[in-house]
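What you see is a predicted model, and the numbers here were worked out from it, not measured in a lab. Chain naming here is simple, since letters A, B, ... match the order of the sequence lines and numbering starts at 1 in each.
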Amino acid sequence: MKITTWNINGVRARLDLAVTYLREAAPDVVCLQEIKSVDEGFPRGAFEDLGYTVATHGQKGFNGVAILSKLPLEDVARGLPGGAGDEQARWIEATVAGPKGAVRVASLYLPNGNPIGTDKFAYKLAWMRRLKRHAVKLLSTEMALVLAGDYNVIPLPIDAKRPETWANDALFQPESRAAFRGLLNLGLTDALRACHPEPGVYTFWDYQAGAFQKDDGIRIDHLLLSPEAADRLVAAGVDKQTRGWEKPSDHAPVWIELDLAG
DNA sequence: ATGGTGGTTCAACCA
């Protein structure tokens, strides 16, 4: 089962690109972030034509997440628990019923948190505490689990071409990185890192200053796997070619292959 | 220190 996560930065602005990419890559499950669309405005027909069932959790103008699946989607849940009054659409989860096993999949868009020292950064850290609490609950079910999305966290210096330039950025603060480590310490596996321990693996390149041409990237889109899913991990990669296409998202799709046989 | 880019929505916000 191939599962892809992609911060698409506006699903309507990126529809042609997305259809082209999905035809080529043919993932079974797609986790989208920053759809920047309400549910009624989501171009679901274009994805249904490719064979996907569509579940969205949208919001006007900003944020918004979705899960597309060629396999049956069950038990869809919207919103990260523990956020009374939190209106931001950053979490959707569902069970993908594969022929050889079910997987609980979440598409998440973790708050950016910039600038540091503001309520935005406090919201980011609070959201990460909620994420950890919910991850504990999901792990306790012992169902294979994939937490996929834009974490807005650069875990380590090797996850940036120029880490020194991120020193004052919310994505690379000690608190952000510690919270990400806290997720790993629950027993979750960073799938892309597990398959690609080498430096220079990036998932985001800023639109400005020719960052992509200089490969001035960062790795902030992650798929975290429960032990039950990590045991089935076959491969992972970044489809960075899309970043060089016309009118690209500033993020590239990241994919994993899980062997769910037996 | 500034400006550099882009989506959504409509002057401004977010990244």
Side-chain angles (χ1 to χ4, degrees), chain A residues 5-21 31-44 46-47 56-66 80 83 86-91 107-128 131 148-155 159-173 175-177 179-180 202-222 238 240-254:
Chain A
T5 182
W6 190 16
N7 180 322
I8 197 168
N9 189 19
V11 69
R12 289 186 303 272
R14 223 66 69 195
L15 188 55
D16 290 347
L17 183 88
V19 168
T20 300
Y21 171 68
C31 297
L32 297 176
Q33 301 88 37
E34 280 206 275
I35 62 174
K36 297 186 177 181
S37 170
V38 294
D39 295 334
E40 309 78 61
F42 190 91
R44 60 174 53 234
F47 298 106
T56 63
H57 182 38
Q59 175 183 345
K60 186 176 181 179
F62 309 109
N63 306 321
V65 288
L80 182 62
D86 185 354
E87 301 297 316
Q88 301 191 34
R90 297 178 174 276
W91 179 275
S107 177
L108 68 100
Y109 178 46
L110 208 146
N112 175 294
N114 278 306
I116 58 175
T118 67
D119 56 351
K120 290 187 178 181
F121 190 58
Y123 174 67
K124 176 181 194 144
L125 296 179
W127 204 93
M128 294 187 83
L131 171 56
D150 178 358
Y151 282 71
N152 269 315
V153 175
I154 303 166
D159 296 312
K161 178 69 167 280
R162 298 190 299 153
E164 67 280 4
T165 64
W166 298 91
N168 295 313
D169 195 287
L171 279 58
F172 197 51
Q173 288 310 291
E175 298 95 326
S176 310
R177 296 171 57 197
F180 186 80
Y202 309 130
T203 67
F204 169 92
W205 299 261
D206 200 283
Y207 286 122
Q208 304 178 106
F212 184 63
Q213 287 69 28
K214 295 183 244 178
D215 198 27
D216 184 7
I218 52 177
R219 193 175 73 94
I220 57 174
D221 299 274
H222 309 298
V238 182
K240 71 184 289 186
Q241 73 275 8
T242 62
R243 185 62 181 78
W245 292 359
E246 283 286 310
K247 275 180 61 96
S249 168
D250 40 7
H251 296 251
V254 184

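A/Asp216 has its CG atom 18 Å from the P atom of B/dG4, to the nearest Å. Note: CG (A/Asp206) to C1' (B/dG7) measures 14 Å, nearest angstrom. Between A/Lys60 atom NZ and B/dT8 atom C1' the separation is 10 Å, expressed in whole Å. Between the P atom of B/dT9 and the CD1 atom of A/Ile35 lies a distance of 11 Å, rounded to the nearest Å. In this entry the distance linking CG of A/Asn7 with C1' of B/dG6 reads 12 Å, nearest Å.
Side-chain atoms of A/Lys214 come within 3.5 Å of backbone atoms of A/Ala209 as a donor-acceptor pair (strictly under, hydrogens ignored). Remark: the backbone N or O of A/Val65 is not paired with any side-chain donor or acceptor of A/Ser107 at under 3.5 angstrom. Side-chain N or O atoms of A/Trp6 include none that pairs as donor or acceptor with a backbone N or O of A/Cys31 at under 3.5 Å.
A/Asn114 and A/Asp169 are linked by a side-chain donor-acceptor pair at a separation below 3.5 angstrom, with hydrogens and angles left out of the test. No side-chain N or O of A/Asp86 forms a donor-acceptor pair with one of A/Gln88 less than 3.5 Å apart. Using modelled atom types, one finds a donor on one side chain and an acceptor on the other under 3.5 Å when comparing A/Asn9 with A/Lys36.
B/dT9 and B/dC13 are spaced 16 Å apart, taking the P atom of each and rounding to whole Å. Comparing the same atom, C1', in B/dG4 and in B/dA15 gives a spacing of 14 Å after rounding to whole Å. With P as the reference atom, B/dT2 and B/dG6 are 23 Å apart, rounded to whole Å. Separating the C1' atom of B/dC10 from that of B/dC14 is a span of 15 Å, rounded to the nearest Å.
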Intra- and inter-strand pairs of DNA chain B in dot-bracket (Watson-Crick or G-U wobble, both distances under 3.5 Å; | for another strand): ....((((...))))

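The aromatic ring centres of A/Tyr151 and A/Tyr109 sit 6.0 Å or more apart. Taking the centre of each ring, A/Trp205 and A/Phe212 come in below the 6.0 Å mark.
Using a cutoff of 4.0 Å between basic side-chain nitrogens and carboxylate oxygens, A/Lys240 and A/Asp215 are scored as salt-bridged.
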Under 3.5 Å, which N/O atoms of the protein pair with N/O atoms of nucleotides 12-15 of chain B?
unit_1	atom_1	unit_2	atom_2	d
B/dC14	OP2	A/Lys120	NZ	3.1

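Listed pair A/Arg12 / B/dG7 fails the phosphate criterion, with no side-chain N or O lying under 4.0 Å from OP1 or OP2.
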